[in-house]
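When a residue number appears, it is its place in the shown sequence, counting from 1.
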Amino acid sequence: MLAATSVLQQQATEIRTQRVNWQSYHQSQMISQEDYSFIVAFDNADAASREGLLRDNRNQCARTFLNLLGHVSKDQTIQYILIMIDDMLQEDHSRVEIFREHSSKKRETVWGPFLNLLNRPDGFIMNMTSRIIAKIACWSQELMDRSDLQFYLTWLKDQLKQNNNEYMQSVARCLQMMLRIDEYRFAFVAVDGISTLLAVLQGRVNFQVQYQLIFCLWVLTFNPLLAEKMNKFSVIPILADILSDSVKEKVTRIILAVFRNLIEKPEEAAVSKEHCIAMVQCKVLKQLSILEQRKFDDEDIVADIEFLNEKLQASVQDLSSFDEYATEVKSGRLEWSPVHKSPKFWRENAPRLNEKNHELLRILIHLLESNRDPLVLSVASFDIGEYVRHYPRGKHVIEQLGGKQLVMQLLGHEDPNVRYEALLAVQKLMVHNWEYLGRQLEKEQTQSTKQPAGATNLAAKA
């Protein structure tokens with residue numbers, strides 16, 4: 001806990017030494033006699049005395065801390081009070097119920113006073129409060145209320161998105177705690193949490209934050225439903241890229257653990273197979289062979305490498321060309337792999353692009369609209385042309401899905417390869433019946449070869 005929130009902890013260590021003059025608050029009548037007596041006794045107590053004080057004054061403890069947070073305005077004092085609360089909870093997790101019991105007696109929510117502090121401009125106050133909220137939410141016998149949970153998780157998500165946030169490790173640590181609880185996982189996904197984690201991971205973050213955010217993905221994958229949905233967010237390609245660049249063992253270990261869960265946890269075998277193929281396409285097997293050459297003290301890493309190697313090798317042997325193609329399209333990382341240029345593949349599989357309400361066609365068309373990579377645009381254009389060429393109603397389907405217009409827009413693309421593939425695709429879209437065209441060409445060739453010499457001479461004279 002301490003290592004993962006170093007900036008917050010360094011500041012907390014310094015703030016602890018700056019003792020508060022509680023008497024001045026009492027003399028100016030900013031705090032009551034009861035609150036003054038309790039806070040002075042608590043502030044000066046050692047661990048054993050604190051235990052006795054809290055046993056005899058549970059309600060007074062919550063009342064005093066909440067009164068102080070509500071009536072004191074000076075940032076430095078608020079910081080000191082929050083550290084006292086955080087230390088108290090860290091010392092004994094069951095103490096979170098002190099605040100729960102107090103709020104129940106008053107028929108108020110336990111979260112209000114703390115959630116309000118998340119709006120303070122002071123970074124330390126916000127993030128120390130966030131730690132306290134996470135502890136109460138995770139260690140209490142009652143779960144966090146739905147609306148308060150949504151507010152808190154949205155706050156954490158927004159903090160992750162902040163550029164150069166010096167408290168990033170603390171924010172990630174709170175998420176690591178929260179996402180261990182299954183009910184909180186779905187709430188996080190509902191506020192677009194997975195996309196946010198992946199967007200941050202694709203940016204420049206240090207290895208500690210990298211580890212913490214991938215840890216968050218890992219705990220999410222323990223839920224079978226979330227493990228099944230995960231790669232819709234391109235988790236596998238993004239983590240495969242990080243794995244290939246990773247120099248820290250802890251980052252490598254947590255990525256392998258995510259990959260293992262993505263194969264083991266889904267209840268549908270087809271989803272696990274799809275994840276295996278996606279890993280193969282993202283060159284994970286190559287990374288595994290490199291990792292096998294390294295010495296690891298951690299038995300989990302060795303076991304995960306063996307497990308993944310076995311599963312991915314088996315999936316390669318069992319791989320149909322259509323499985324391979326579908327996984328490549330779903331990954332969004334199109335390249336000139338052999339299936340694209342195989343006439344046999346298109347003859348046999350073009351109609352299969354209509355499956356699941358034209359799922360693969362819709363992805364190809366979406367790539368034409370949203371992707372900027374010339375290679376992806378070239379391959380997507382080619383595939384749409386081949387689909388139209390080999391499926392009789394293909395032209396109509398592509399027009400209905402809005403693909404024709406997008407291909408035509410690429411005729412003016414700056415990259416010559418994209419323009420070329422777009423032109424070929426447009427030509428295929430303009431021809432109504434490929435089989436008819438093929439027969440006509442064959443017929444003309446046959447007639448020209450069978451034409452008598454005289455007829456040829458007459459034609460030449462004409």
Side-chain angles (χ1 to χ4, degrees), residues 195 198 229-238 240 270-271 273-275 277-283 319-432 434:
S195 298
L198 293 169
K229 286 182 181 177
M230 196 67 85
N231 203 39
K232 288 184 171 63
F233 299 91
S234 299
V235 166
I236 291 170
I238 292 166
V271 175
K273 182 183 177 184
E274 204 173 279
H275 289 169
I277 299 165
M279 289 176 206
V280 170
Q281 290 206 304
C282 292
K283 315 289 190 290
L319 192 62
S320 75
S321 57
F322 185 76
D323 290 333
E324 187 181 342
Y325 176 76
T327 310
E328 184 184 330
V329 171
K330 287 175 186 176
S331 78
R333 297 182 170 201
L334 300 181
E335 52 186 60
W336 290 116
S337 52
V339 286
H340 298 280
K341 295 284 190 177
S342 163
K344 180 175 181 285
F345 170 80
W346 288 107
R347 277 198 307 274
E348 293 173 356
N349 294 294
R352 295 197 63 185
L353 269 67
N354 300 322
E355 292 174 4
K356 297 182 182 175
N357 193 22
H358 307 101
E359 181 187 24
L360 295 180
L361 284 177
R362 289 177 192 277
I363 295 171
L364 287 172
I365 289 166
H366 177 68
L367 289 172
L368 291 182
E369 189 173 17
S370 61
N371 205 285
R372 296 288 171 267
D373 184 343
L375 176 59
V376 172
L377 295 174
S378 297
V379 178
S381 298
F382 177 84
D383 286 2
I384 284 171
E386 288 299 277
Y387 165 76
V388 168
R389 183 178 171 188
H390 290 90
Y391 179 63
R393 292 189 62 252
K395 178 176 180 285
H396 174 71
V397 173
I398 293 297
E399 282 182 5
Q400 289 285 101
L401 296 174
K404 181 178 177 182
Q405 185 184 353
L406 291 168
V407 174
M408 293 184 79
Q409 285 173 4
L410 293 178
L411 293 172
H413 196 275
E414 59 187 15
D415 187 280
N417 293 320
V418 175
R419 290 200 301 271
Y420 174 73
E421 295 300 344
L423 180 61
L424 289 182
V426 168
Q427 287 173 344
K428 292 169 190 174
L429 279 160
M430 294 304 180
V431 176
H432 285 266
W434 276 94

Under the side-chain contact (heavy atoms from CB on, under 4.5 Å) test, residues paired with [X] that sit two or more places apart:
X	answer
E355	F322, R352
L375	E335, W336, D373, V379
K273	I277, D318, D323

Compare every heavy atom of [Y] with every heavy atom of [X], then report the nearest pair and how far apart it is.
X	Y	value
S331	S234	O-OG, 4.3 Å
H390	A350	CB-CB, 3.7 Å
I236	N231	N-OD1, 2.9 Å
L368	A380	CD2-CB, 3.7 Å
N349	S321	ND2-OG, 4.1 Å
V407	A425	CG1-CB, 3.7 Å

Pairs satisfying side chain to side chain donor-acceptor pair (under 3.5 Å), at least one member in residues 401-425, at least two apart
E399-K404
Sequence-distant partners of K232, side chain to side chain donor-acceptor pair (under 3.5 Å), two or more places apart:
none
Sequence neighbours excluded, the answer for side chain to side chain donor-acceptor pair (under 3.5 Å) partners of N371 is none
Sequence neighbours excluded, the answer for salt bridge (charged side-chain N to carboxylate O under 4.0 Å, His left out) partners of E328 is none
Minimum side-chain heavy-atom gap K330-L360 below 4.5 Å
yes
Hey, what do you get for [atom1] ([X]) to [atom2] ([Y]), rounding to the nearest 0.5 Å?
X	Y	atom1	atom2	answer
L410	E369	CG	CD	11.0 Å
E274	M279	CD	CE	11.0 Å
H366	I363	NE2	CD1	9.0 Å
E359	L364	CD	CG	10.5 Å
I398	R393	CD1	CZ	11.5 Å

Is the backbone N or O of P338 less than 3.5 Å from a side-chain atom of S342, with the two atoms forming a donor-acceptor pair by type?
no
Sequence neighbours excluded and cut-off under 3.5 Å, please list the side-chain donor-acceptor pairs for residues 381-388, or say none.
unit_1 : atom_1 : unit_2 : atom_2 : d
S381   : OG     : L377   : O      : 2.8
D383   : OD1    : H340   : ND1    : 2.9
D383   : OD2    : Y325   : OH     : 2.9
D383   : OD2    : H340   : ND1    : 3.0
E386   : OE2    : R389   : NH1    : 3.4
E386   : OE2    : K428   : NZ     : 2.8
Y387   : OH     : N354   : OD1    : 2.6

Count the heavy atoms belonging to other residues, nucleotides or ligands that lie under 6.0 Å from NE2 of H358, then report whether that count exceeds 12.
yes
